[in-house]
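To start, the structure under review is shown below, and the notes come after it.
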Amino acid sequence: MRQQSLSSRLTYDRPILLSDITSRIADRAQTNTQQYGRRPYGVGLLIAGVDARGPHLFEFQPSGVTQEMVACGIGARSQMARTYLERNLDEFEGSSREELIKHALRALKESLSQDKELTVDNTSLGVSGVGENFHLYEGQDVAEYLETTFENKEQEGEQAGEGMEVDDS
């Protein structure tokens, strides 16, 4: 990706579109599936970025298949995260950056097994936008996001249960 980006910058004096670079990588990966003795790529990834056409998110599969997505999760147990994202898809368009970050963390939490929690030790958060550089939050930098995201959810759950009475008989 870096070589293709640099080549476009030097040859045409402009950055390459994210869809073009993703397509080139997919073509290269797909070629490996057609030749005897060549192994397909063994890793899927999400390619996110902003180009002249706006923000994009592509899912890259080892077979060379790519799809542009609005929101996506990959990896083990990602189906739970995808389900969360699909249920809340309508809310994303009008959401602020903070709300989108909270949705991402909630989707990530959905993909964890029941006995695990998101903590500063097992969570990293990458944020980028139009006209700004990518920033990675790790360790204590992500603690504030974790606290505000799940503190509000716990309070909502407590308020929903306040009006309920339990009959022990």
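Computed from heavy atoms alone, side chains included, the values below leave out hydrogens, waters and symmetry copies.
Partners of Arg24 by side-chain hydrogen bond (donor to acceptor under 3.5 Å, both in side chains), not counting sequence neighbours, listed by chain and number: Gln4. Considering only residues two or more places apart in sequence or on other chains, Glu59 meets the salt bridge (Lys or Arg N to Asp or Glu O under 4.0 Å) condition with Arg82. For the side-chain hydrogen bond (donor to acceptor under 3.5 Å, both in side chains) test, residues two or more places apart in sequence or in another chain that qualify with Ser124 are Glu138. Shown here are the ring-ring contact (aromatic ring centres under 6.0 Å, His included) partners of Tyr137, two or more places apart in sequence or in another chain: His135, Tyr145. Contacts of Phe134 classified as ring-ring contact (aromatic ring centres under 6.0 Å, His included), with partners at least two apart in sequence or in another chain: none. Remark: Thr119 engages Asn122 in a side-chain hydrogen bond (donor to acceptor under 3.5 Å, both in side chains) (not counting sequence neighbours). Under the salt bridge (Lys or Arg N to Asp or Glu O under 4.0 Å) criterion, Glu132 pairs with Arg97, not counting sequence neighbours. Shown here are the side-chain hydrogen bond (donor to acceptor under 3.5 Å, both in side chains) partners of Glu93, two or more places apart in sequence or in another chain: there are none.
Side-chain contact between Leu85 and Phe92 is present, with heavy atoms from C-beta onward closer than 4.5 Å. Contact annotation: the side chain of Val127 approaches that of Ile101 to within less than 4.5 Å [non-hydrogen atoms, C-beta and beyond]. Using a 4.5 Å heavy-atom threshold, the side chains of Leu46 and Phe58 count as separate. Side-chain contact between Val70 and Leu57 is absent, with no heavy atoms from C-beta onward closer than 4.5 Å. With contacts defined as side-chain heavy-atom distances shorter than 4.5 Å, the pair Lys109/Lys116 does not qualify.
At distances below 3.5 Å, not a single donor-acceptor pair connects side-chain atoms of Thr123 with backbone N or O atoms of Val120. In this structure, Ser111 contributes its side chain and Leu108 its backbone to a donor-acceptor pair below 3.5 Å. Looking at Thr148, its side chain does come within 3.5 Å of a backbone N or O of Glu144 through a donor-acceptor pair.
Annotation for Ile74 and Ser78: closest pair C-CB, 3.5 Å, computed over non-hydrogen atoms. Contact record, Ala29 with Gly64: CB-CA, 4.0 Å, taken as the closest heavy-atom pair.
Rounding to the nearest 0.5 Å places OH of Tyr84 at 4.5 Å from NE2 of His103. Atom OG1 of Thr149 sits about 11.0 Å away from atom CD of Glu99, to the nearest 0.5 Å. Atoms CG and CZ, on Leu105 and Phe150 in that order, are 5.5 Å from each other to the nearest 0.5 Å. Rounding to the nearest 0.5 angstrom, the gap separating the CG atom in Asp27 from the OG1 atom in Thr22 is 11.0 Å. The CE atom of Met69 sits 13.0 Å away from atom CD1 of Ile47, with the distance rounded to the nearest 0.5 Å. For the atom pair NZ (Lys102) and CG (Asn88), the distance works out to 14.0 Å, reported to the nearest 0.5 Å.
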Please table the atom pairs, donor to acceptor, closer than 3.5 Å between any side-chain atom in residues 13-21 and protein atoms at least two apart or in another chain.
none

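In the hydrophobic clustering, Leu6 connects to Leu10, either directly or through intervening members, whenever side-chain heavy atoms lie under 4.5 Å apart.
For residues 62-76, the side-chain hydrogen bond (donor to acceptor under 3.5 Å, both in side chains) pairs, not counting sequence neighbours, are His56-Glu68. For residues 41-51, the set of pairs meeting the salt bridge (charged side-chain N to carboxylate O under 4.0 Å, His left out) definition, not counting sequence neighbours, is empty.
Checked for salt-bridge contact, Arg77 and Glu110 miss the test: no charged N lies under 4.0 Å from a carboxylate O.
Within a 6.0 Å sphere centred on CZ of Arg28, heavy atoms belonging to other residues, nucleotides or ligands number 12 at most.
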